[in-house]
Amino acid sequence: MQPWPRTEEEARAVQDLLRAQVVAEPGPASPATVAGLDVAYSADDDRLAAAVVVLDAADLTVRDTAVVRGKPAFPYVPGLFAFREVPALLDALGKLTVRPEVLICDGHGLAHPRRFGLAAHLGVLTGLPSFGVGKTRLVGEWAPVGETRGSRSALVDGGEPVGAVLRTQTGVKPVFVSVGHRIDLDTACALTLRLAPRYRLPETTRAADRVCRDLLG
DNA sequence: GCGACAG
DNA sequence: ATCTTGTCGC
């Protein structure tokens, strides 16, 4: 992605162009490796650190870690969030020696105004299966989610299902799971639950968050 | 015009 | 995202 958009209009045009490349398919139900991606920012919002941590999906042990420092590539604008972190995340992905089979992003995939959030964006650019696990909603409505771990409710926007509101821990606020590229929602939710045996967020996200956070502080 | 608004 | 103390609970 050489000509990085410089205006919101250009960014939206890029999304409208790339979203046509999203592939909907079953996806790996039992991947051997899964990657968590996250970015941390300095207080002044001038610098950032992006991290990718690859875990063994069987025992959640760390197989590889890559982290890079850089600057935000775009201002934060809801709906255009990916343009801010994608360059740094691609740099980090390029430093990996272990190829992850699935990318798990901190944000949304198709649960986006134009159905092309960060997870979908990274999936298309890398060609890897990807999905997003967000902490808060960007778009959509949903019916109350059951209180027990594993309960889920359809996330619907504009009359169409765009993701799931999934309870990863009983009695804890649910997360927002949405498909990005080359994977289906049920598989994404199953993987998310498998990766979150104890905490609200999947270990992939927690591991990446911790790594980029201390490379900054 | 008034909210909502991934990280 | 980040700025920030204490506090309630297991």
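Numbered from 1 within each chain, the chains take letters A, B, ... in sequence-line order. As the structure is a prediction and not an experimental result, all values here were calculated from the model.
- Here the CZ atom belonging to A:F116 is positioned 15.0 Å from the CZ atom belonging to A:R12, to the nearest 0.5 angstrom.
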Enumerate all atom pairs, one protein N or O and one N or O from nucleotides 7-10 of chain C, separated by less than 3.5 Å.
none

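- Annotation: side-chain hydrogen bond (donor to acceptor under 3.5 Å, both in side chains) contacts involving residues 69-80 of chain A, sequence neighbours excluded, comprise A:D46-A:K71.
- Among residues two or more places apart in sequence or in another chain, the side-chain hydrogen bond (donor to acceptor under 3.5 Å, both in side chains) test is passed with A:R115 by A:D157, A:E160.
- Once you apply a 4.0 Å limit to the heavy atoms of chain A, the touched nucleotides of DNA chain B run 5' to 3' over B:dC5 to B:dG7.
- Residues passing the side-chain hydrogen bond (donor to acceptor under 3.5 Å, both in side chains) test with A:Q169: none are found, sequence neighbours excluded.
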Ignoring hydrogens and angles, write down the donor-acceptor pairs under 3.5 Å from the side chains of residues 188-197 of chain A, residues two or more places apart or on other chains.
unit_1 : atom_1 : unit_2 : atom_2 : d
A:T192 : OG1    : A:A188 : O      : 2.8
A:R194 : NH2    : A:A29  : O      : 3.2

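- Closest approach of A:S130 to A:I183, counting heavy atoms only: O-CG2, 3.4 Å.
- The CZ atom of A:R47 sits 14 Å away from the C1' atom of C:dA1 (whole-angstrom rounding).
- A:R84 pairs by the side-chain hydrogen bond (donor to acceptor under 3.5 Å, both in side chains) definition with A:Y41, A:D45, not counting sequence neighbours.
- With salt bridges taken as basic N to acidic carboxylate O contacts below 4.0 Å, none links A:D64 and A:R99.
- Within 4.0 Å of A:G132, counting heavy atoms only, lies no atom of the nucleic acid at all.
- Using a 4.0 Å cut-off on heavy atoms, the residues of residues 113-124 of chain A that approach DNA chain B are A:G117, A:L118, listed by number.
- A:R210 pairs by the side-chain hydrogen bond (donor to acceptor under 3.5 Å, both in side chains) definition with nothing, not counting sequence neighbours.
- Nucleotide C:dA1 holds its P atom 19 Å from the CG atom of A:L80, rounded to whole Å.
- The side chain to side chain contact (heavy atoms under 4.5 Å, CB included) search around A:H112 returns A:Q15, A:R114, A:L138, not counting sequence neighbours.
- Across the protein-nucleic acid pair, A:D44 atom CG and C:dA1 atom C1' stand 12 Å apart, rounded to whole Å.
- The salt bridge (Lys or Arg N to Asp or Glu O under 4.0 Å) search around A:D44 returns none, not counting sequence neighbours.
- Taking a pair as Watson-Crick or G-U with both hydrogen-bonding distances under 3.5 Å, no stem of three or more pairs touches DNA chain C.
- Nucleic acid contact for A:L89: none, since no nucleic acid atom lies under 4.0 Å from a heavy atom of the residue.
- The distance between atom CG of A:D214 and atom C1' of C:dA1, rounded to the nearest whole Å, is 16 Å.
- Ion pair A:R206/A:D38 not flagged as a salt bridge, since none of the NZ, NE, NH1 or NH2 atoms sits closer than 4.0 Å to an Asp/Glu carboxylate oxygen.
- Ring orientation note: the planes of A:F83 and A:F74 are tilted relative to one another, at an angle of 30° to 60°.
- Within the nucleic acid shown, A:F81 comes within 4.0 Å of at least one base atom, counting heavy atoms only.
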